[in-house]
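Okay, so here's the structure we're looking at.
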Amino acid sequence: MRILVLGAGAIGGYYGLHLAEAGADVSFLVRDRRAAQLARDGLVVASRGQELRRPVRHVQAGRIEAPADLVLLTCKAYDLDGALDAIAPAVGPETIVLPLLNGLAHFDALDARFGAGRILGGACYIAVTLTPDGTIHHASPGDLILFGPRAAAAPWQVETLTTLFAATPITARSSTTILQDLWEKWCMLAAGAALTCLMRGTVGEIMATDAGPGIADALISECRAIADAHGHAPRPPSATQTHRMLTDPASRWAASMMRDIDAGLPRLEADAILGDLIRRGTAAGIAAPLLTAAHCNLQVYAARAANA
Ligand SMILES: NC(=O)C1=CN([C@@H]2O[C@H](COP(=O)(O)OP(=O)(O)OC[C@H]3O[C@@H](n4cnc5c(N)ncnc54)[C@H](OP(=O)(O)O)[C@@H]3O)[C@@H](O)[C@H]2O)C=CC1
Ligand SMILES: CC(C)(CO)C(=O)C(=O)O
């Protein structure tokens, strides 16, 4: 199976490297700066106390010669339009696209461009960061990836990808409930990103304040109400896990959007993760005042960064 990974960033690089290590036919579609890094150093992942480094095949936009069987789409939400232009020559009649972005906002653009039938759903539970030197740091104990068809039967690529992941150390599962999985991940992430970005701290730091635990509960409830209104209320294991994760007094976790703020990145995925959820709430008649305050806060951050 020919796999094209759009982006050799944190997510694309981590999963793509492990697939390549396991012998899969993987190429990375990258831009100039990353192409130079890959040519010089190979793809480098620091994970579980080990450094993995290997040369990888990479290609730049305009140089794609044949369709891929599977495209892994791993850009940030704010780069989606350019990324869709870049992968278009690799999407032939039989190609399947697996986006691994957070949230659900990307599906409208993907479905309109390539047709909903060929767009899988995918969600990752992992904390990985690409540093300026090109190394991908894996900071979470786990690396779960879920993927599956959103409506129709699974195409052959799903089974092949499952087999390929089985030859890696990654925890990977094909799912028959990927839309529900995506909503559960989104609820957890939106509540966690709103909490940690609004307060600019880790969950543990926030739990040590007077109002922190109540605000965490209220954010979880806002996300749940919106998901419920769309028929996707988090199931009990996810609800329990989210509550535990976002109220743990000993936790040093903050959402990746908060890590992006700490790193001074000028662009955030606030609209895809919070704005889109708030709009879906509004459409269903559900107010989300705390999510809205967090989104406003992040819009001010982005405006300041853009004007700096
Ligand atoms: N990091 C994490 O722990 C997790 C991230 N996610 C989600 O995964 C998605 C990806 O995040 P992440 O991997 O962290 O982001 P990164 O910024 O680390 O990687 C994204 C990569 O996409 C590349 N890219 C964007 N547009 C193009 C293009 N047109 N052509 C080629 N390459 C392109 C960027 O390249 P360039 O270097 O040229 O800008 C960048 O290297 C996000 O939606 C995020 O929310 C989900 C779970 C966990
Ligand atoms: C899985 C999780 C919550 C890991 O930090 C994430 O997706 C993020 O922070 O963006």
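Sequential numbering from 1 along the given sequence is applied to the chain's residues. Whatever order the structure lists ligands and atoms in, that order sets their numbers, starting from 1.
- The option with the heavy atom closest to atom 9 (C) of ligand 1, from among Ala35, Ser256, Ala10, Cys75, is Cys75.
- Thr242 contributes no side-chain N or O that, together with a main-chain N or O of Ala239, makes up a donor-acceptor pair within less than 3.5 Å.
- Asp25 places no side-chain N or O within 3.5 Å of a backbone atom of Met1 that could act as its donor or acceptor partner.
- Of the options Arg34, Arg33, Arg31, Gln60, the smallest heavy-atom separation from atom 34 (C) of ligand 1 is shown by Arg31.
- In the hydrophobic clustering of this structure, Phe147 groups with Val26; members are Ile, Leu, Val, Met, Phe, Trp, Tyr whose side-chain heavy atoms approach within less than 4.5 Å, directly or through other members.
- Counting only heavy atoms from C-beta outward, the side chains of Leu19 and Leu72 approach each other to under 4.5 Å.
- Not one N or O on the side chain of His295 forms a donor-acceptor pair closer than 3.5 Å with the backbone of Asn297.
- Under 4.0 Å is where a charged nitrogen must lie from a carboxylate oxygen, and between Arg267 and Asp260 no such pair does.
- In terms of protein heavy atoms, atom 40 (C) of ligand 1 is closest to Gly9 CA, 4.2 Å.
- Among all protein heavy atoms, the one lying closest to atom 32 (N) of ligand 1 is Leu29 O, 3.7 Å.
- The protein heavy-atom contact nearest to atom 13 (O) of ligand 1 is Ile11 N, 2.8 Å.
- Listed by number with element, the atoms of ligand 1 under 4.0 angstrom from any heavy atom of Asp79 are 25 (C), 26 (N).
- Contacts between His106 and ligand 1, counted as non-hydrogen atom pairs separated by less than 4.0 Å, are absent for every part of the residue.
- One option in Asp260, Thr129, Ile126, Leu144 has a heavy atom closer to atom 48 (C) of ligand 1 than any other, and that option is Ile126.
- Against a heavy-atom cut-off of under 4.0 Å, Cys124 is close to the following atoms of ligand 1: 47 (C).
- Scanning the protein for heavy atoms near atom 46 (C) of ligand 1, the closest one is Asn102 ND2, 3.1 Å.
- For ligand 1, the atoms closer than 4.0 angstrom to any heavy atom of Ala83 are 29 (N).
- Thr95 places a side-chain N or O within donor-acceptor distance of the main-chain N or O of Ala68, the cut-off being under 3.5 Å.
- Taking a 4.0 Å cut-off on heavy atoms, Lys185 registers as neighbouring ligand 1.
- The two residues Gly7 and Val30 make their nearest non-hydrogen contact at C-CG1, 4.5 Å.
- From the protein, the heavy atom lying nearest to atom 42 (C) of ligand 1 is Glu269 OE2, 3.2 Å.
- Look at Asp85 and Arg113 and you find a salt bridge, because one of the NZ, NE, NH1 or NH2 atoms lies within 4.0 Å of a carboxylate O, short of that distance.
- In this structure, Thr177 contributes its side chain and Gln180 its backbone to no donor-acceptor pair below 3.5 Å.
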Which pairs of donor and acceptor atoms, one on a side chain in residues 276-290, lie under 3.5 Å apart (sequence neighbours left out)?
| unit_1 | atom_1 | unit_2 | atom_2 | d |
| --- | --- | --- | --- | --- |
| Asp276 | OD2 | Arg280 | NE | 3.1 |
| Asp276 | OD2 | Arg280 | NH2 | 3.1 |
| Arg279 | NH1 | Asp271 | OD1 | 3.1 |
| Arg279 | NH2 | Asp271 | OD2 | 3.0 |
| Thr282 | OG1 | Ile278 | O | 2.9 |

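- Of all the atoms in ligand 1, the ones that sit under 4.0 Å from a non-hydrogen atom of Leu100 are 7 (C), 8 (O).
- The protein residues lying under 4.0 angstrom from ligand 2, judged by non-hydrogen atoms, are Asn102, Cys124, Tyr125, Ile126, Lys185, Met188, Leu189, Trp253, Ala255, Ser256, Arg259.
- Which parts of ligand 1 touch Gly82 is read off a 4.0 Å heavy-atom cut-off, strictly below it: atoms 29 (N).
- Among protein heavy atoms, atom 15 (O) of ligand 1 sits closest to Lys76 CE, 3.3 Å.
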Listed pairs under 3.5 Å, donor-acceptor, residues 9-18 side chains, sequence neighbours left out:
| unit_1 | atom_1 | unit_2 | atom_2 | d |
| --- | --- | --- | --- | --- |
| Tyr14 | OH | Asp143 | OD2 | 2.7 |
| Tyr15 | OH | Asp143 | O | 2.8 |

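- In terms of protein heavy-atom proximity, atom 10 (C) of ligand 1 is nearest to Thr74 O, 3.4 Å.
- Contacts between Asp85 and ligand 1 below 4.0 angstrom, taking non-hydrogen atoms only, are absent altogether.
- Residue pairs meeting the salt bridge (charged side-chain N to carboxylate O under 4.0 Å, His left out) criterion with at least one partner in residues 148-173, sequence neighbours excluded, are Asp111-Arg150.
- At least one donor-acceptor pair closer than 3.5 Å links the side chain of Arg53 to the backbone N or O of Asp41.
- Under the 4.5 Å side-chain criterion, counting only non-hydrogen atoms from C-beta, Thr196 is not in contact with Thr202.
- Using a 4.0 angstrom heavy-atom cutoff, Arg259 counts as in contact with ligand 1.
- The local environment of CZ in Arg252 is sparse, with at most 12 non-hydrogen atoms from other residues, nucleotides or ligands closer than 6.0 Å.
- Distance from atom 3 (O) of ligand 1 to its nearest protein heavy atom, with residue and atom name: Val128 N, 2.9 Å.
- Only side-chain heavy atoms of Leu6 come within less than 4.0 Å of ligand 1; its backbone N, CA, C and O stay farther off.
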